[in-house]
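Nothing fancy with the numbering, it's 1 onward along the sequence. None of the values given here were measured: they were computed from a predicted structure.
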Amino acid sequence: MRPAPARPPGPFPYGEAAHDTTAFRILGPVRAQRGTRPVPLPGGKQRTLLAALLARSGASLPASALVPYILSGGGPEHPEAAVYTYVARLRGALARHADCPGLISTTPGGYRAELDADRLDLSAFRALVRRARRGADRGDLRGAASDLRDALALWTGPAADGLGSAAFRRGVAEPLEEEAVRALDGYLEVMGALGEGGDALAEARAMAAVHRGRGGLGRRLAEVVG
């Protein structure tokens, strides 16, 4: 019998987000929720901007780096000023709907998303992968497999599904999806070492049915089960 799934730090995304905080998901469609209640988020360029900042939560991104993610082709004469405008609108929406007035801070030359690790699915994913590696290093393959299984379960589609320019997909979404592919390959390796490669393949088939060949993880799953 498999052990109970390991839990990532904090209550989200495995349980309900704490009722007095808003938690965010970017490992699939970009969403937010407060307890069990979905939180409305702005669409289009503002949502793309939010995803780019959350993907680098805790790090400062210069406005010039954000420009190609939300503006393409014949953009405005002063693109960094346009980024400022989109940030201002996003801040207003987050303050009104998500009760997160301080989520995005201004840094010298850019912006930073400030979010506790237990309020972002990407942070939970990375924490589980790190714990799996530590477990594998000390010979706890069963625990490593459980953590990697939980990490992969956080993915519901391509990163920031449906958002962004080609530059955004290359610079933000695809690197995240490469992390998911490495986690999948690590999971298959650990399960093989446990003599449970057949179980892992069955799970990969179930995941492949969800991802349907979309995104880096979906394509790798299609290779594994194909």
Quick one: side chains of residues 132-139, donor-acceptor pairs under 3.5 Å with protein atoms, not counting sequence neighbours, listed by atom name and distance.
none

Tell me which donor-acceptor pairs under 3.5 Å the side chains of residues 58-69 have, and how far apart each pair is, sequence neighbours excluded?
unit_1 : atom_1 : unit_2 : atom_2 : d
S60    : OG     : T107   : OG1    : 2.5

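For S146 (side chain) and R142 (main-chain N/O), no donor-acceptor pair under 3.5 Å exists by modelled atom type. With Q33 contributing its side chain and P38 its backbone, the two residues share no donor-acceptor pair below 3.5 Å. For T156 (side chain) and L27 (main-chain N/O), a donor-acceptor pair under 3.5 Å exists by modelled atom type. Listed for the D140 side chain is a donor-acceptor partner under 3.5 Å among the backbone atoms of G143. Between the side chain of D147 and the backbone N or O of V129, no donor-acceptor pair lies under 3.5 Å.
Across all non-hydrogen atoms, the minimal contact from R169 to A160 is NH1-O, 2.9 Å. When all heavy atoms of V30 and A51 are compared, the pair lying nearest together is CG2-CB, 3.9 Å. The two residues A204 and V224 have their closest heavy-atom pair at CB-CG1, 4.1 Å. The two residues R126 and A55 make their nearest non-hydrogen contact at NH1-O, 4.1 Å. The minimum heavy-atom distance linking H211 with G218 is given by the pair CB-CA, 3.7 Å. In terms of heavy atoms, S57 sits closest to L120 at CB-CD2, 4.0 Å.
Separation of atoms CZ (F24) and CG (D121) is listed at 11.0 Å; rounding is to 0.5 Å. The CG atom of L184 lies 11.5 Å from the CD atom of E189; values are rounded to the nearest 0.5 Å. Taking CD of E223 as the reference point, atom CG of D185 lies at 9.0 Å (rounded to 0.5 Å). Separating the CG atom in L94 from the CG atom in L41 is a distance of 7.0 Å, to the nearest 0.5 Å. For the atom pair CZ (R91) and OH (Y111), the distance works out to 6.5 Å, reported to the nearest 0.5 Å. Note that CG of L115 is 7.0 Å distant from OG of S123, once rounded to the nearest 0.5 Å.
Contact of the L152 side chain with the M207 side chain is registered, since non-hydrogen atoms from C-beta on lie closer than 4.5 Å. Residues E80 and Y84 have side chains not in contact (no heavy-atom distance under 4.5 Å, counting atoms from C-beta outward).
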Discussion item. Would L50 and L103 count as a side-chain contact (heavy atoms from CB on, under 4.5 Å) here? Give the steps.
Written reply: CA-CA 10 Å; L50 174 63; L103 175 61; 4.0 Å; yes
Worksheet item: Yes or no on side-chain contact (heavy atoms from CB on, under 4.5 Å) for R219 and R214, after CA distance, side-chain angles and deciding distance?
Response: CA-CA 6 Å; R219 289 189 293 272; R214 301 177 63 243; over 6 Å; no
Fill in: Criterion side-chain contact (heavy atoms from CB on, under 4.5 Å) on I104 and E114, from CA distance to verdict
CA-CA 6 Å; I104 300 173; E114 300 279 4; over 6 Å; no
Practice prompt. Begin with the C-alpha distance, continue with both residues' side-chain angles, and end with the deciding distance and a verdict on side-chain contact (heavy atoms from CB on, under 4.5 Å) for F125 and D150.
Written response: CA-CA 8 Å; F125 167 78; D150 288 347; over 6 Å; no
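In this structure, V210 is not a member of the same hydrophobic cluster as L148, with clusters built from ILVMFWY side-chain heavy atoms closer than 4.5 Å. In the hydrophobic cluster analysis, where Ile, Leu, Val, Met, Phe, Trp and Tyr join through side-chain heavy atoms closer than 4.5 angstrom, V181 is grouped apart from Y187. Under a hydrophobic clustering in which Ile, Leu, Val, Met, Phe, Trp and Tyr are joined whenever their side-chain heavy atoms come within less than 4.5 Å, directly or via other members, L163 and L176 fall into the same cluster.
Listed by first then second residue, pairs satisfying side chain to side chain donor-acceptor pair (under 3.5 Å) with a partner in residues 39-54 number zero, not counting sequence neighbours.
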